[in-house]
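Okay, so here's the structure we're looking at.
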Amino acid sequence: MIAEARVTVSGGPLRYLEAGSGWPVVFLHAFPLSADMWRPQLASVPEGFRFIALDLAGPHTSMDAIARDVGCALDELRIDSAAIAGLSMGGYVAFAMFRLAPERFDGLVLADTRPQADTAEGRAGRLAMMELVRRGGAAAVADQMLPKLLGDTTRRERPDVVAEVRRLIEASSTKSIAAAIQAMLDRPDSTRDLQRVTCPALVLAGEEDAITPPSDAEAMSRLIPRALSVTLPRAGHLSNLEAPDEFSKALADFLTARI
Ligand code: MLT
């Protein structure tokens, strides 16, 4: 059963979803979605683990501030350390958390993400999206992002997943989307931190991910001392939603063998 609750952090009440009991695994979601994108994983928690998916949508305009709130949420939940799993923007938050409190990491799962900061072209794209969200709200962002977020197979064969991702994006507020864009735009390069990740790590990538392709994921995993890299077939950038069973199995294998 998936439970929903809130803890109070500096940005206000922070909503989270939780399932299972035992060793904590904290899930950090992609932009511009919410904790709900992790429901497929929360519905299949391996024995002995407690899965917690946090909403990162808030007022903060820096990855450090978002990461500090995740730390506050863990304090409130009396969790000293956990395996931290971030997908795309969730990975950027995990990098910021790692710089602030590496001792909190029992394991690291990086899915469809990258350690590099934005390129000049990427920053220009963020500024254009900031304007788009101000003019057209979350629906306009969904129109622009859906073709990039989802792989060809999903867009061709899984209208249910396409509709669900649109629903999740459209549930986000204009304000929180704009704040997250600013945080991503200003994030630092995390490449040099990867060599200091000494806990077990799993790097996942959707085979059809057009935003952070598997070749980038493999390059990232080579920089992390104890990383295992897995490519998920027929999935794009939102690999946990597009290949939920394969994602959950790779995660469960990693957690049960290495954490
Ligand atoms: C995400 O999925 O979180 C975004 O694609 C990340 C980004 O735009 O860099």
Side-chain angles (χ1 to χ4, degrees), residues 26-41 53-58 60-64 66-67 70 84-97 109-133 138 140-151 154-155 161-162 164-173 176-191 203-214 216-217 219-220 232 235-244 247:
V26 174
F27 292 85
L28 307 171
H29 63 78
F31 167 85
L33 291 99
S34 65
D36 295 274
M37 72 168 250
W38 293 111
R39 282 187 183 273
Q41 284 64 50
L54 303 174
D55 259 354
L56 306 172
H60 297 306
T61 52
S62 81
M63 286 300 155
D64 278 1
I66 299 172
V70 173
I84 309 291
L87 190 144
S88 196
M89 182 185 77
Y92 310 158
V93 177
F95 295 137
M97 275 183 77
V109 180
L110 295 169
D112 304 282
T113 193
R114 63 159 78 86
Q116 294 83 11
D118 281 353
T119 58
E121 191 189 347
R123 289 171 65 84
R126 301 264 189 229
L127 294 173
M129 188 173 287
M130 192 82 94
E131 197 43 44
L132 179 71
V133 70
V141 173
D143 289 342
Q144 179 168 313
M145 288 205 71
L146 273 170
K148 295 184 210 154
L149 286 175
L150 299 171
T154 303
R155 281 186 284 120
V161 175
V162 179
E164 174 64 359
V165 173
R166 176 175 285 281
R167 192 187 67 74
L168 291 175
I169 296 175
E170 291 185 354
S172 305
S173 75
S176 71
I177 293 178
I181 293 172
Q182 190 65 53
M184 290 192 290
L185 178 68
D186 291 338
R187 76 186 193 282
D189 195 303
S190 300
T191 310
V203 175
L204 293 165
E207 179 187 39
E208 300 174 9
D209 184 343
I211 299 178
T212 45
D216 286 7
M220 177 170 70
L232 300 165
H237 187 62
L238 298 181
S239 60
N240 76 303
L241 283 168
E242 297 181 60
F247 188 107

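The model shown is predicted, which means the values in this text are computed figures rather than measured ones. When a ligand or atom number is given, it counts from 1 through the structure's own listing order.
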Sorted by chain and residue number, the residues with a non-hydrogen atom under 4.0 Å of ligand 1 are Ala30, Phe31, Ser88, Met89, Tyr92, Arg126, Leu149, Met184, Ile211, His237
Just by distance, do the side chain of [X] and the backbone of [Y] share a donor-acceptor pair under 3.5 Å?
{"X": "Glu242", "Y": "Gly151", "answer": "yes"}
{"X": "His29", "Y": "Leu56", "answer": "yes"}
{"X": "Arg187", "Y": "Gln116", "answer": "yes"}

Sub-4.5 Å side-chain heavy-atom contact between Met184 and Met63: yes
Is there a side-chain contact between Asp143 and Arg166, using heavy atoms and a 4.5 Å cut-off? yes
Enter the distance from Phe31:CZ to Ile169:CD1 here, rounded to the nearest 0.5 Å. 8.5 Å
